[in-house]
Structure formats: C-alpha cells, structure tokens
Asks: 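Just dropping this structure here.
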Amino acid sequence: MSEFGSTAELVELPAPGPTAAETAAQLGCAVGAIANSLIFAVDGEPLLVLTSGAHRVDTRLLARLLGVGRKKIRRADPDFVLAVTGQEVGGVAPVGHPRPVRTLVDEALAGHEHVWAGAGMPHTVFRTTFAELVKLTGGESAVVADDEDKRDGGQPPAHRPGWVTSPPLA
C-alpha cells in the first residue's frame, strides 16, 4: 500500500468473506464500513464503484450520474474484471490495476471513521478512511444508492429494477 501513498496495513481474514455481512463479522465492524469493489462496463469502458456494504448500487442513479442510458451500464463478468484490474472477482482492491480505472466512491462510506477495502485476494483487506480511499483511487465522491435504499437496514426489495447486489470486495 505504501507505493500508493498509504500507511494502511493488510489484514488477512481467517476465511474469505463472500458477503459484506460476513466480512464485517470477521472484522468486528459495521457492514456499512465494508467498501465493496464493483466493476461495471459503461458502454464498454470500465467503471469501479466502491460502495458501502450496507446498501446496493442503483444502476438507474449511476446512469443519471454518468449521463448515459441505463442499458449502457452492465455488471462486468469475471473475465472483464480480471482484464481490467488484474485481480479475480472476490477480492478486487481499489488500487493496483494495470491501468487507471474511473472510480466512484460511495459517499455513504464517509459516515464511518474507518472503512475496509479489498486487498487483491478474497481473504485480504486493508483499513483506510473515506478521504484516503478517494485520494488513493483518484476517485470521485458520489451517491450511488437512493434514500429508499437505506430503509430496512439497507436491504433493497428483491423486485426493484436497477439494483445490483454482489459479494463484497468484488
């Protein structure tokens, strides 16, 4: 992490955390402090969205933020993720990619003193802050879920179109 200007230390979890809740339980932190790394293809170009584990990305909102039609935004498949990040789904770090990737950092993460992000493998994470995450990634702070998303503990209704759910640290 030092090559990216961070003093954060890597933490190896006892087991991979396939969900934000499981990762948070292993770390003893709030699920909202988990920064999920989600890769999207926006009209064929990669986009990394670092979102709070307490809610889900609303692709309709992303489309409005990016000024594109919602159908132009697709969740990336594992091959695309590997090609873009050099890392496999399940542990994608917000940094260390072969080329810079446009990044949006969920403003909801700013509500936590510390956040935990993937460190390149399914069982590794690092502790950082919202401000450092924005700086490390060269990302843009953004709201990536609407207010309705935060109801019921951040669990979106299953029938709601445009929601993207995923394991953490993807």
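What's counted below: heavy atoms across the whole structure, side chains too, no hydrogens, waters or symmetry copies.
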Asks: Please enumerate all residues that pass side-chain contact (heavy atoms from CB on, under 4.5 Å) together with Arg64, with sequence neighbours excluded.
Replies: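 For Arg64, the residues satisfying side-chain contact (heavy atoms from CB on, under 4.5 Å) (neighbours in sequence not counted) are Arg60, Leu61.
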Asks: Looking only at atom types and distance, does a side-chain atom of Thr23 sit under 3.5 Å from a main-chain N or O of Gly17, one as donor and one as acceptor?
Replies: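 Checking the backbone N and O of Gly17 against the side chain of Thr23, a donor-acceptor pair under 3.5 Å is found.
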Asks: Can you name the closest pair of heavy atoms from Leu109 and Ser52 and give their distance?
Replies: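 Heavy atoms of Leu109 and Ser52 come nearest at CD2-CA, 3.7 Å.
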Asks: Which heavy atom of Ala83 sits nearest to which heavy atom of Pro98, and what is that distance?
Replies: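 Between these two residues, the closest heavy atoms are O-CG, 4.4 Å.
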Asks: Ala30: what forms a side-chain contact (heavy atoms from CB on, under 4.5 Å) with it, not counting sequence neighbours?
Replies: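 In terms of side-chain contact (heavy atoms from CB on, under 4.5 Å), with neighbours along the sequence ignored, Ala30 is linked to His112.
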Asks: Considering non-hydrogen atoms only, spot the tightest contact between Val89 and Pro78 and give its length.
Replies: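 For Val89 versus Pro78, the nearest heavy atoms are CG2-CA, 3.8 Å.
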Asks: Taking side chain as C-beta onward, heavy atoms only, is Thr51 less than 4.5 Å from Arg56?
Replies: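 A side-chain contact is absent here, since even the closest heavy-atom pair is not under 4.5 Å.
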Asks: Looking at Glu107 and Ser141, what are the two nearest heavy atoms and their distance?
Replies: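 That closest heavy-atom pairing would be CG-OG, 2.8 Å.
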Asks: With heavy-atom distances below 4.5 Å as the criterion, would you say the side chains of Pro94 and Thr103 are in contact?
Replies: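 Not touching, per the 4.5 Å side-chain cut-off.
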Asks: Scan the side chains in residues 40-48 for donor-acceptor partners under 3.5 Å anywhere in the protein, sequence neighbours excluded, and list what turns up.
Replies:
none

Asks: Are the side chain of Thr59 and the backbone of Val57 linked by a donor-acceptor contact shorter than 3.5 Å?
Replies: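 Here the side-chain-to-backbone pair does not exist.
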Asks: With sequence neighbours left out, what residues match Glu22 under side-chain hydrogen bond (donor to acceptor under 3.5 Å, both in side chains)?
Replies: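 Checked Glu22 against side-chain hydrogen bond (donor to acceptor under 3.5 Å, both in side chains); matches are Thr19.
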Asks: Between Ile73, Asp106, Val144, which is the residue that forms a side chain to side chain contact (heavy atoms under 4.5 Å, CB included) with Val49?
Replies: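 Answer after filtering Ile73, Asp106, Val144: Val144.
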Asks: Do you know the tightest heavy-atom contact between Ala142 and Leu65?
Replies: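 Looks like CB-CD1, 4.3 Å.
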Asks: Evaluate the side chain to side chain contact (heavy atoms under 4.5 Å, CB included) criterion for residues Val84 and His97: first the C-alpha distance (whole Å), next the side-chain angles of each, then the deciding distance (0.1 Å), finally the verdict.
Replies: CA-CA 7 Å; Val84 167; His97 310 140; 5.8 Å; no
Asks: Just verifying a value: how many Å separate His114 NE2 and Thr128 OG1, rounded to the nearest 0.5 Å?
Replies: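 Separation between the atoms: 8.5 Å.
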Asks: Any side-chain heavy atom of Val68 sitting closer than 4.5 Å to one from Leu62?
Replies: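 A side-chain contact under 4.5 Å is absent here.
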Asks: Once salt bridge (Lys or Arg N to Asp or Glu O under 4.0 Å) is applied, what residue pairs with a partner in residues 25-39 remain, sequence neighbours excluded?
Replies: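 Listed by first then second residue: nothing to list.
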Asks: Once salt bridge (Lys or Arg N to Asp or Glu O under 4.0 Å) is applied, do any residues pair with Arg102, and if so which ones, sequence neighbours excluded?
Replies: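 Scan of Arg102 (salt bridge (Lys or Arg N to Asp or Glu O under 4.0 Å), adjacent residues dropped) gives Glu140.
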Asks: Rounded to the nearest 0.5 Å, what's the gap from CE on Met121 to CG on Leu13? Could you check?
Replies: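 Nearest 0.5 Å value for the CE-CG distance: 11.5 Å.
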Asks: Could you tell me which non-hydrogen atom of Pro14 sits nearest to which non-hydrogen atom of Gln26, and how far apart they are?
Replies: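 The answer is CD-OE1, 3.0 Å.
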Asks: Going by the salt bridge (Lys or Arg N to Asp or Glu O under 4.0 Å) test, which pairs reach into residues 108-125, not counting sequence neighbours?
Replies: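 Output for this query is empty, none listed.
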Asks: Can you measure from CG (Leu104) to OG1 (Thr137) and round to the nearest 0.5 angstrom?
Replies: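 So the gap between those two atoms works out to 9.0 Å.
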Asks: Is there a path of hydrophobic side-chain contacts, each under 4.5 Å between heavy atoms, that joins Leu38 and Val143?
Replies: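 Result: yes, single cluster for both.
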Asks: Can you list every salt bridge (Lys or Arg N to Asp or Glu O under 4.0 Å) pair that touches residues 24-36, not counting sequence neighbours?
Replies: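 Applying salt bridge (Lys or Arg N to Asp or Glu O under 4.0 Å) to every pair that reaches into residues 24-36, excluding sequence neighbours, yields nothing.
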